[in-house]
Number of protein chains: 2
Amino acid sequence: MPTTPRAADLKLTGLIGTMRCSQLFTGLPTEDLALIAGFSLTLQLAKGDYLFHEGEASRGFYLVQSGAVNVHRVSATGKEQVIHVFRAGESLAEAALASLTGYPANARAVEPSTVLLIPKAPVLDLIGQRPDLALRMLGSMSAHLRVLVGMLDDLTLKDVESRLLNWLVKHGRTAAGGVIKLPGTKRVLAAELGTSSETLSRTLARLRDQKLITVGARTITVLAAPALAAQLRRNLGEG
Amino acid sequence: MPTTPRAADLKLTGLIGTMRCSQLFTGLPTEDLALIAGFSLTLQLAKGDYLFHEGEASRGFYLVQSGAVNVHRVSATGKEQVIHVFRAGESLAEAALASLTGYPANARAVEPSTVLLIPKAPVLDLIGQRPDLALRMLGSMSAHLRVLVGMLDDLTLKDVESRLLNWLVKHGRTAAGGVIKLPGTKRVLAAELGTSSETLSRTLARLRDQKLITVGARTITVLAAPALAAQLRRNLGEG
DNA sequence: CTGGCGCCTTGATGCGCGTCAAGCCCGGGC
DNA sequence: GCCCGGGCTTGACGCGCATCAAGGCGCCAG
C-alpha cells in the first residue's frame with residue numbers, strides 16, 4: 001500500500017475520528033489527538049489472533065477501533081475466565097503502562113478487528129506534559145476497576161439462573177425489541193457465565209418453558225423484561 | 001488538644017514519616033510530602049467505624065497509618081464480599097478520585113486504626129503540577145487491578161480446600177514460624193474465602209488430620225508449607 | 001456456682017451443577 | 001442422494017457444599 005502524504009493524512013484523520021469517539025480521548029483537543037495518532041500503530045487482527053499474553057512486558061495500551069477483544073485469564077486448571085469483552089471505542093491494558101510486571105491477562109480478538117496500539121514510552125512522556133491526560137487515564141482505570149468489582153458481584157450470585165437473568169437484563173436493555181444477538185456460540189456464553197454449556201442449555205429451557213424468553217440459534221429474545229427482573233430479585237431475596 | 005506550632009510540627013513530621021513508608025509516596029521529595037501532609041486529615045477510627053459507604057461522593061483517598069481497613073461490597077442478598085483488607089502503608093480508594101459515580105464499595109475499620117484522608121481537590125491539583133505523582137497513582141491503581149484479578153482467580157478455584165490452601169500458602173510466606181494470626185473470627189475468614197464457617201471448620205479439620213497444620217483459637221500454624229503447596233497443585237491438576 | 005450467650009465443631013440432609021453419555025439437528029463434502 | 005462432524009439438548013449420576021440442627025466449650029454477669 002503506498003503511503004503518499006495524502007494517504008497518510010487520510011489515515012491520520014481516520015484515527016483521530018475513532019479516538020474522538022473513544023471514552024478515553026473524547027473531548028481532547030485535536031492537536032493532542034494528532035500527536036498521539038502520530039506515534040500509534042494500527043493493527044489488523046484475524047479472529048483468534050492474540051494481542052498479548054499474560055506476563056509479557058507492556059508494549060503500550062490499546063484502543064479498539066472495530067471488532068471485539070476478549071480479555072481473559074487461564075487458571076491453573078487450563079480453564080479460561082473471561083474478564084471483559086472490549087468493543088469499538090474502548091481502551092484496554094492501561095494498567096500495564098505503570099507497572100513493571102507486564103500484562104496481567106491475555107487478550108485475543110474474537111472477531112476480525114482493527115486495534116490501535118499506543119506505545120508505552122511516548123504516552124508516558126505525554127502524560128508528563130499533559131496532566132489532564134493523566135486524569136483521563138486514572139478515570140479509565142477506575143472504570144475498569146468497577147468492571148472487575150461488578151464481575152465479583154456476578155460471581156457471588158451463586159445461581160447459574162441468577163447470573164443468566166442478570167446477563168439477560170443487562171444485555172436486554174441495549175437490545176432493540178428484546179432481541180439479543182449472541183456474540184458467539186452458546187458454549188462461549190456459558191464460559192462467560194462461568195458454567196457449562198449443558199447447564200446453560202437447561203437453564204435457558206426452563207426460562208423458555210416459563211414463557212420469559214424464546215431461544216433461537218444465535219439469538220435470545222426477551223419476552224417479558226420486567227418478569228425477568230422480578231425473577232432475579234426473587235432469587236436474590238431467598239438467598 | 002492544643003495545636004502549638006511545635007505540636008503541629010511534630011504531627012507533620014510523623015505524617016511525613018508514614019507517608020515515606022507507604023508504597024504510593026515512597027521516594028517522593030520531602031517538600032512534596034510536606035505539601036500533601038499539609039492538606040491531609042488524620043482520622044481515628046474505632047473497630048467497626050465506617051470510612052465510607054458504597055455510592056457516596058468521593059471525599060478523597062486514604063492511606064492507612066495503623067490498624068486495618070476492610071473494603072467490601074454487600075450483595076443484593078445482604079452477604080458481605082471482602083475485596084481486600086488494607087494495612088499500614090497501603091492506600092485505598094484512589095479509583096474514586098477520577099470518577100463521578102462515588103465510591104464503588106464500603107470501607108470499615110476491623111481494628112482501631114488511624115487513617116490519613118487526602119482530600120480530592122488539592123490532590124487533583126497537585127497531580128496536575130507533578131506528573132510523576134500521576135504516574136504513581138496509575139501504578140497504585142494498576143496494583144489494585146491486579147488484586148482484583150487475583151481475587152477472580154481465587155474465586156474460580158472451585159474447591160474450598162483449594163482456596164484455603166491458596167490462602168494459607170500466601171499468608172504463610174509472610175508469617176514468622178508459619179504462625180498465622182487470624183484477622184478476626186473464623187467466620188470472617190470463611191467469608192473472605194467465600195464459604196460458610198461450617199465448611200471452613202471441616203476443611204481445617206481435614207488438613208489438621210493430615211498433620212499439615214495446627215489450629216488454635218485465633219491462629220493457624222503451618223507445619224509443612226511445601227506439602228500444602230503440593231496439595232494445592234494436586235487439587236489444581238485434577239481439575 | 002450457675003445461667004446465658006457466642007463461637008466452634010460435627011452430623012444429617014438436600015440441592016445445584018459438573019460430568020459422562022446418548023440422541024437430535026443441521027450444514028458441508030463427496 | 002449419503003455420510004460425517006460439531007453444536008445443542010436431555011437424561012443419569014455423583015460430588016461438594018449450604019443449610020439445619022444439636023452439642024461442647026469459653027466467657028461474662030449475676
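Letters A, B, ... are given to chains in the order of the sequence lines, protein chains preceding strands, and every chain is numbered from 1.
Within the structure, salt bridge (charged side-chain N to carboxylate O under 4.0 Å, His left out) pairs that include any residue of residues 164-184 of chain B comprise B:D154-B:K170 (at least two apart or interchain). For residues 204-224 of chain B, every residue pair satisfying the salt bridge (charged side-chain N to carboxylate O under 4.0 Å, His left out) rule, not counting sequence neighbours, is listed here: B:E161-B:R206. Counting only residues at least two apart or in different chains, salt bridge (charged side-chain N to carboxylate O under 4.0 Å, His left out) contacts with residues 186-203 of chain B are absent. Among pairs with a residue in residues 86-96 of chain A, those fulfilling salt bridge (charged side-chain N to carboxylate O under 4.0 Å, His left out) read A:R87-A:E111, at least two apart in sequence or across chains.
Remark: A:T195 engages no residue in a side chain to side chain donor-acceptor pair (under 3.5 Å) (not counting sequence neighbours).
The CG-C1' distance, from A:D209 to D:dT9, rounds to 12 Å in whole Å. In this structure, the CG atom of B:L204 is 17 Å from the P atom of C:dC7, given to the nearest Å. As rounded to whole Å, 14 Å separates atom C1' of D:dC17 from atom CG of A:D159. Protein atom CD of A:E161 is 17 Å distant from nucleotide atom C1' of C:dG18, rounded to whole Å. Atom CZ of A:R163 is separated from atom C1' of C:dG18 by 12 Å (rounded to the nearest Å). Residue B:L182 contributes atom CG, which lies 12 Å from atom C1' of C:dC8 at whole-angstrom precision. Between the CG atom of B:L164 and the C1' atom of D:dG16 there is a distance of 15 Å, given to the nearest Å.
For the residue pair A:V222 and A:I213, the shortest heavy atom distance occurs at CA-CG2, 4.2 Å.
B:A217 comes within 4.0 angstrom of no nucleic acid atom, judged by non-hydrogen atoms across all strands.
Only B:T185, B:K186, B:R187, B:E198, B:S201, B:R202, listed by number, bring a heavy atom of residues 184-202 of chain B to less than 4.0 angstrom from any atom of DNA chain C.
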